Amino acid sequence: MGALVETLRYVISYRGTEGHWAWLLHRLSGLGIALFLSMHIISIFSVGLGPRVYNFLHEVLYVSAPAKVLEVFLIFGVLFHAANGMRIIVIDFFPGLGKYQRTIVRIELLVVILVFIPAAIITLQGVL
Amino acid sequence: MGISTFRWKTKYGQPNWERISWLYMRLSGLVMFLIVTFHLLYMHMVVRVENLTFQNIVDRWNGPYGLAWKTLDTALLIFGLTHGYNGVRWSIDDYVHHRGWNLVLKMLLYIVGSILMIAGALAIFVGPGSLV
Amino acid sequence: MRVKMRIRRFNPEKDSKPWWGEYEVEVEPTDRVLDALHQVKWYQDGTLTLRRSCAHGICGSDAMVINGRNALACKVLMRDVGKVCVVEPLRGLPLIKDLVVDMEPFFAKYRAVMPWLVNDEIPDHGERLQSPEARERYDDTTKCILCAACTTSCPSFWANEHYIGPAAIVQAHRFIFDDRDRAAVERLRILNDRDGVWRCRTVFNCVQACPREIDVTKAIGEVKLAILEAL
Amino acid sequence: MVRTHRTETVVVGAGGAGLMAALYASRGSQTVVLSKLYPTRSHTGTAQGGIGAALGNIEEDHPEWHTFDTVKGSDYLADQDAVERMCYEAPEIVYELEHMGLPFSRTPEGKINQRPFGGHAAEFGKRPVPRACFAADRTGHMILQTLYQQCLKHRVKFYDEFHVLDLVLSPDGRAAGVVAYDIDQGELHLFHAKAVIFATGGFGRIWQITSNAHSLTGDGPAILLQKGLPLEDMEFFQFHPTGIYKMGILITEAVRGEGGVLRNDQGERFMERYAPTMKDLASRDVVSRAIYLEVKAGRGIGGKNYVHLDATHLGREKIEERLPDIADFCRTYLGIDPAEQPIPVQPTAHYAMGGIPTDVEGRVRRNAAGDLVPGLYAAGEVACVSVHGANRLGTNSLLDIVVFGKHAGQDAARFCQQNDWPELPEETWQPSQATIERILNNTGEDNAARIRDEMQAVMMDHVGVFRTAEGIQKALEKIHELQERVRHVTVSDKGKRFNTELLEAIELRNLLELAEVTAQSALNRTESRGAHYREDFQQRDDEHWLKHTFVRKEDGQIRFEYRPVVITKYQPQERKY
């Protein structure tokens, strides 16, 4: 456990490149999405349990105000994870592009934010 | 690059699946990039989450394009779950070195993953409301 | 200019855990961090312990964490570190004393990749021929000085000490892509390990840390593709 | 208390010479290598320009021309039998390095690439010839790496970070092993051996401006000196003309080999005046003196004591391809781009031509008559074979270490097969133990760093490129004072583990010993030859001084002996470039 804490301290305190923070965010968003996905599958499973259970779960998990706020995080996570995943794939298969990685991360982040802002506004419309 | 039959003794080089796993993450990632984009756009822009009800799902799966929808949802289920849980497995391997804990956590992960896979498949193929 | 040096100190014979030592030094802007550390060691506190030798970035002795980032103390100038210079030992290797870490686990990984040319077909006379293009293919990775800055900047290595690490992969790359070598497949087999190249998550800290400006991640990427192709 | 190891060959030092010796010794004997650094940290790694060998890959070339250039470069002080051996074996050993995997730069036909270097000429001095085989500008780095790789492949045993403190001689005068200090654990180890090979490198740290690593403190020769053994030609220490101003970091001669030129404050290519044929590619002693004379005449840049090395006309492409590390040094340490701005340079203490006297098999000589110390070998910069005489040519040091490292290793293996382990004397590790305890228990005020600063300053001022009797006397007085002070030097670190302060104090003692014999030898030689230039004796004096100096210390007194120079083909003549 001490080793894990030390490792996390290293991760947070190292002044790495854009790639370092992109990696950290990729991992965190990935774990978050995996958690959401598990829940998502359960809620879909509830389709088999008939309309009352499903509609109730749907209301709580996706439509309620707290769910909407969490969804904003999810949207950012998914957008970033997808865009960053594409970056990783491209660099993996064209290793020579690595020398532009700092620029690529910046562009990627810009695209993510540009898509995220309208998406977040649309999502939060009902809540605000 | 050349070829030799020489074998150097080192603790590295044990047979494993990581190469397949690495490649799978990239391929499944690419596939999901497409279907998740479609899924999100459709659910959030066309249907809108607030309007999504039990009936809506029933109509979609039993409608004229039911098979296509079911295929798409199955693909999402399989790729999403395997990609996601493989990522969790990587994280466990990265940070949990105690052999026992590592094994326990991964076993737990595989069990939960299997249950979810079955649950998801049941929901899609057995039919809405039929599990009651 | 006056600079405050904050140095992570640890004496295994006295201390139960590391602590921060603070020292004021007067330096020229063009002095190296190594010069500042020497000022502390030579004129303020002789117990400060570090490794160093050539002092111009070739021998690879004085890799350490300077202001939160891996570098050679002899290749960072004081004008680039600001008013406070924070110096710590490399991360992920066992700490021995002050800025000195145990390099043995690092060199063990280097030795694991068969870092030598394998080719018994010695020509009768003269050199083996190699085209400039073939020579260029692995030029970048011949620059490695085994300072460990890359390996100890890697989150995958911090997380898992068994990860073979960027430096060993770079050294393997130097032979895998040398057309005179005959053991590429064997090296690829070694690197195709649970703790081999696949633990690389293209974080790019290694590229930033490398004092020899080797494109480390590119080398690792090329090895990954070679494994996919050859095995 | 003391751990004892028994092995056949012990190699001290893991630079190019030590590793080559270890590689060959291990083929015929059980071999261990002791190094106070990790082997890949050794100073061979900083050699840049190339290794000299008359391959003739670019232009016609012959080992004979190489031999002549080396002899001429040495100002006729080199032993010509040794030079012949080195130059004639050069092509084969370069091929051997290539077969070991050394990544040489290549010609379009795929052969090892070569470039011109200072003092290397075709047809006995007529025009510069490309003779330096190179791997970009990191030839030494590649040699060190390749040899270390080969040692790993052949399972040579290494003791890394073991600082050798003493040589053990058996009662009948054979080398019997060494005493080493495990830096990590702070414990003494005794290595009982049949053969001992010293390859500890140079001692440039006795000067202030030096290209040498902090670890180049001459531990090997100082140990021999304390054992009453002689050192040869200590007055000859090369100052490389182009060290980065104030820092001493070396800018390889290859910059001039590729076409770079030296310019004074007026922008004049002043080497044309000093060496009409070879110009900037004259030998190093000549160029270093020329720079000093320009500075003295007030033509240093801005009146200061440096000149410019101008490579701007080479073009960025050539610089990045052939001299990438130099470009990196300039960017890192000077903040300039060598493709656009000239590099400020001044002569920097670089290479010891003198050292432990050996024959061509690397066997250490006990006196000027040529008697040997059985089982004791030396190779590399620490040794004086003598192939460099009064001035070494660029690229010959890398050649020296591999050729004579190989012979020392081979002969040590042969020696081990023919001999049993020598008897150990009664006192083996006790003197080392006493030294350590004395330093740890001293309670004075002086610390090693201050004493070292004073030594380096006085050596720079008075025993540098230009020397006078008066100046050297001053330096000697200072050194004697410092030697007295160093006996009371104190350390604040009293611990066992990684006590580098203690080791620096021991290294300082070694440096002072070498500073003393260097100054004494310089004072003794009343002529100017190669790197040794006496303003009060400006001419070369073949009648009295065509001989090697052997210096030893007996009961604290300096004693000189002389050994004639071996001359085979080339009679001394006036040296012009």
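This structure is a prediction, so every number in the text was calculated from the model and none was measured.
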What is the minimum heavy-atom distance between [X] and [Y], and which atoms define it?
X         : Y        : result
Ser153(C) : Tyr14(A) : CB-OH, 3.3 Å
Arg15(A)  : Ile66(C) : NH2-O, 4.5 Å
Tyr10(A)  : Gly92(C) : CE1-N, 3.9 Å
Pro155(C) : Val11(A) : CB-CG2, 4.5 Å
Gly221(C) : Pro95(A) : C-CG, 3.9 Å

Straight-line distance of [X] [atom1] to [Y] [atom2], nearest 0.5 Å:
X         : Y         : atom1 : atom2 : result
Ser156(C) : Trp23(A)  : OG    : CH2   : 6.5 Å
Glu88(C)  : Ser13(A)  : CD    : OG    : 6.5 Å
Leu97(A)  : Lys218(C) : CG    : NZ    : 10.0 Å

Could you go through residues 103-114 of chain A and list every donor-acceptor pair under 3.5 Å that involves a side-chain atom there, pairing it with any protein atom two or more places apart or in another chain?
from      : atom 1 : to       : atom 2 : distance (Å)
Arg106(A) : NE     : Glu18(A) : OE2    : 2.9
Arg106(A) : NH2    : Glu18(A) : OE2    : 2.6
Glu108(A) : OE1    : Arg87(A) : NE     : 3.1

- Message: Counting only non-hydrogen atoms closer than 4.5 Å, can you tell me which residues of residues 190-208 of chain C sit against chain A?
- Response: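 Arg201(C), Thr202(C), Val203(C), Phe204(C), Asn205(C), Gln208(C), listed by number.
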- Query: Non-hydrogen atoms of chain C under 4.5 Å away: do they reach the side chain of Arg102(A), the backbone, both or neither?
  - Reply: neither
- Message: Does atom CZ (Phe73(A)) have a neighbourhood of more than 12 heavy atoms from anything else shown, all under 6.0 Å?
- Response: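 It does not: Phe73(A) CZ has 12 such atoms or fewer within range.
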- Query: In terms of heavy-atom pairs under 4.5 Å with chain A, which of Thr217(C), Ile220(C), Asn70(C), Asp215(C) leads?
  - Reply: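 Among the listed options, the one with the most contacts to chain A is Asn70(C).
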